[in-house]
Each structure stands twice: as C-alpha cells, then as structure tokens.
Asker: 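The structure follows.
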Amino acid sequence: MHGHGTSAGAVSALGPAQWLVLLVVAGAVLAYLAGVSRLRGVAWPLSRLLAWIGGWTCVGAALVGPLAERAHHDFTAHMAGHIALGMLAPLMLVFAAPVTLLLRVLPTARARPVARALASRPAAVVTHPLTAALLDVGGLWLLYRTRLHAATMTGPWPHLAVSAHVLAAGYLFTFAVLGRPDPAPHRAPIGWRAGTLVAAVAAHDILAKVLYAYPPAGVPAEQARRAGELMYYGGAPVEIALIVLLCRDWLGRAPRTRPRRSSPGRRTSLSGWAPSWFCCPVCGVAGMRSPGRGCATCSRSSPTTSVPVVAPPGSWTSCGRGSSPPIR
C-alpha cells in the first residue's frame, strides 16, 4: 500500500511542464510506430525503431523522474541529464532516420514539400557543421559560463526551453557531422565534418575542465568537480561513437568511377557525359539505375518523371535543381 501511495503522490506532483514532456515523448514514439505500420512492401530495420524508442526514453528520463528532480539541487545529476539529453538521445534519434520514414509514408504530393524544405537555403545554413557546432557546444559555453544556468533553475519553463534547445542542437550537430542516414542535400565534405567534430569535441572537453576548476555561479565546488569529471569521461563514449561512425563512412566509401561517355550524336548538359543514375522526383536523391526500380531513400518509383542525372549514388540532386543538372 505504501508503494502505491508513493507512486500516486509522484504522479500528482508532476507539473504542466513535466506533463508536456511526457505528452511529446509518447506522441513521438506513437507517431513513429504508426509510420512503420503504414509501410507496405518495405522492411524497416528493427534497430531504427529501438533507437527511436531509446532516444525518447533518454529524453523522458532526463526531464521527468528522479534524475530530473535531483538535478534541481545537484549539479552532478544535472550533468548526467545533459549527457542523456544532449549527446546520447540525439545520436539514437539520428540513427532512427525519422525523415526517411516520413518520406516513405507520405503521399507523393505531400512528400515533395518536405524534400523542397530539406533542399532550401535555410536548411543548408542550419545543417552546416559549423552552424550546428556553434548552436550545440557554443550554447553549452553560454549556458555554463554566464548566469543563464542559474536563470533556468528559477522555474520549470525556462529549464524546459533550454532543454529543448540542447536536444535540438545536439540532433542538428549529430546529423550535420554524420550526414546520414536521412537525406542530406547539403552534406558538407568529409574534411569539413571531421574537422568540425574534432574541434567540437575539444571545446566540449575544455568546458568540462573549466567547470571543474571554476564552478558556475551558485554551484558548490565539490558538485562542480564531480560534474566536470562526468562531463569529460561520461561524454567520451558518445564522442568516440561519432568518430567511429564518421571514419567508417570515410574509409568505407566506394571509389567514384567516371561515367561512361555518351554515344556520338548524343547531347548532354555535362560536356558529353551520359547519365549514370536517375533522380528520384520525390526526395531528390540519385539512386535509381532506371526509372521504375524504386528509390533507395524513399522507396518511391515514378517512371514518368524520374530525371536522368550525372551523379554518384546517394548524392543529392533535387531532380536537376541542385548540383547535378539533368540531361537535356
């Protein structure tokens, strides 16, 4: 009986901000499950589903429950929530490929605006590795080296707003660095992504050492030292995972082959090179060897509108409106 009373008391103690978090977490998981259930003829990897559930579980654990309650008066617990919310959860959510799932379940007419938004100039700015790193690691420096951290402790809504930024910035940074598995129309060169990742990891670890030596305003020195150690060593596995995933893509890339020359008399827009792939008219990724075989990204097939392009498989073309012009 005592256990039931304690559980009921904990539920009744939840405020509007905590209920909003639970609603968002449950809604995100249910929406993903609904999307997977609507797939027809396409096997969706179980690992992606588990990653999505695991990522939102990390979000819920960081913002609602014992860890979140303790974080209000224990900076070490707050840092554990930061690792779960800003590092582990984004890695799992990116791996779940929610945009790819969305493109596969939406009708073609509704999927095209999503593809156009991904290819837009604002999306290019936001998903650039430098921008994402400034929003992510730069935001942490601003949070812990100013009075912003103390301000977030004044109420649940400021804390929730900053937590939402940490989650979103972490997701953007993870996706910008990895450039997959969702379509990345503005994927930066591998050198840019690797350099940005190394710089961001260094800035994150330097911040951990600064917190160890110079606690934020209102944080006891002992808690700051433990939190700094947790930030440095606890964040390392996620940082190593990002490095491994990026290097695997880098080292595992197939060498590009030159497209075959077109036959005499065949005109192209690329000085005589014939098309080697077809652009998907929905998501804009070059991946179909011929119209009608289906896109490897969004699984769509449109034999009447697929555009031949000169582009390596997996590159973004936006059906001739991007960097790879169509054959004319």
Side-chain angles (χ1 to χ4, degrees), residues 21 24 28 55-56 58-59 62-63 71 78-99 114 117-153 157-211 216 227 231-232 234-236 238-243 245-246:
V21 171
V24 170
W56 284 106
C58 291
V59 174
L63 299 178
H78 166 85
M79 192 56 63
H82 153 70
I83 294 174
L85 183 67
M87 301 184 72
L88 183 57
L91 178 60
M92 300 176 76
L93 295 178
V94 168
F95 181 76
V99 177
V114 176
L118 292 174
S120 64
R121 190 174 299 275
V125 174
V126 173
T127 59
H128 192 278
L130 291 180
T131 306
L134 287 174
L135 290 173
D136 187 22
V137 184
L140 293 179
W141 276 87
L142 182 65
L143 175 63
Y144 295 127
R145 302 319 300 165
T146 66
R147 294 190 175 273
L148 182 59
H149 171 69
T152 62
M153 298 293 105
W157 294 108
H159 175 69
L160 184 59
V162 172
S163 298
H165 169 82
V166 170
L167 176 63
Y171 183 93
L172 280 175
F173 175 74
T174 303
F175 175 72
V177 167
L178 295 182
R180 67 175 188 92
D182 279 327
H186 307 288
R187 183 187 293 111
I190 188 70
W192 271 102
R193 290 184 281 141
T196 303
L197 177 58
V198 171
V201 169
H204 185 269
D205 292 346
I206 291 173
L207 177 59
K209 295 180 179 181
V210 171
L211 291 177
M231 183 178 184
Y232 188 89
V238 180
E239 295 168 349
I240 293 173
L242 286 174
I243 294 173
L245 291 172
L246 184 61

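All of these numbers come straight from a predicted model, not from anything done at the bench.
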Asker: To check you understand the geometry: which heavy-atom pair defines the closest contact between Thr127 and His186, and what is its length?
Answerer: OG1-CB, 4.4 Å
Asker: To the nearest 0.5 Å, what is the distance between CD1 (Ile206) and OH (Tyr232)?
Answerer: 9.5 Å
Asker: I need the Leu211 CG to His149 NE2 distance, nearest 0.5 Å.
Answerer: 9.5 Å
Asker: Of all heavy-atom pairs between Pro129 and Arg193, which one has the smallest distance, and what is that distance?
Answerer: CG-CG, 3.9 Å
Asker: Trp192 vs His128 aromatic rings, parallel, tilted or perpendicular, using cut-offs 30° and 60°?
Answerer: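 Judged by the thresholds at 30° and 60°, the geometry between Trp192 and His128 is perpendicular.
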Asker: Hey, does Leu143 have a side-chain heavy atom less than 4.5 Å from the side chain of His165?
Answerer: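 They are not in contact (no side-chain heavy atoms under 4.5 Å apart), so the answer is no.
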Asker: Measure up the His204 and His82 rings against each other and bin them: parallel (under 30°), tilted (30 to 60°), perpendicular (over 60°).
Answerer: parallel
Asker: Going by side-chain contact (heavy atoms from CB on, under 4.5 Å), Leu197 matches just one of Thr174, Leu242, Leu178. Which one?
Answerer: Leu242
Asker: Could you pull out the closest heavy-atom pair between Ala151 and Pro158, with the gap in Å?
Answerer: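 Taking every non-hydrogen atom into account, O-CB, 4.0 Å.
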Asker: Measuring only between side-chain heavy atoms, which start at C-beta, is Leu167 closer than 4.5 Å to Tyr171?
Answerer: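 They are not in side-chain contact.
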Asker: If we ignore hydrogens and angles and just use 3.5 Å, is the side chain of Asp182 paired with the main-chain N or O of Val99 as donor and acceptor?
Answerer: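 Flag set: sc Asp182 to bb Val99 pair under 3.5 Å.
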Asker: What's the shortest heavy-atom distance between Ala97 and Pro181, and which atoms?
Answerer: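 Shortest heavy-atom contact: CB-CG, 3.6 Å.
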Asker: When rounded to the nearest 0.5 angstrom, what distance separates CG in Leu130 from CZ in Phe173?
Answerer: 10.0 Å
Asker: Atom CE in Met87, atom CG in Leu91: separation rounded to 0.5 Å?
Answerer: 9.5 Å
Asker: Taking the side chain as everything from C-beta on, heavy atoms only, tell me whether Tyr144 gets closer than 4.5 Å to Val210.
Answerer: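 Tyr144 vs Val210: side chains apart.
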Asker: Could you tell me which non-hydrogen atom of Cys58 sits nearest to which non-hydrogen atom of Leu88, and how far apart they are?
Answerer: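 It is SG-CD2, 3.7 Å.
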Asker: Between Leu246 and Ile190, does the side chain to side chain contact (heavy atoms under 4.5 Å, CB included) criterion hold? Intermediate values first, please.
Answerer: CA-CA 8 Å; Leu246 184 61; Ile190 188 70; 3.4 Å; yes
Asker: Counting only heavy atoms not in Trp141, do more than 12 sit closer than 6.0 Å to its CH2 atom?
Answerer: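 Result for CH2/Trp141: enclosed.
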Asker: For Ala169 and Leu135, work out which heavy atoms get closest and say how close.
Answerer: CB-O, 3.6 Å
Asker: Show your reasoning for whether side chain to side chain contact (heavy atoms under 4.5 Å, CB included) applies to His159 and Leu63.
Answerer: CA-CA 9 Å; His159 175 69; Leu63 299 178; 4.2 Å; yes
Asker: Just wondering, do Trp56 and Leu93 contact through their side chains at under 4.5 Å, heavy atoms?
Answerer: yes
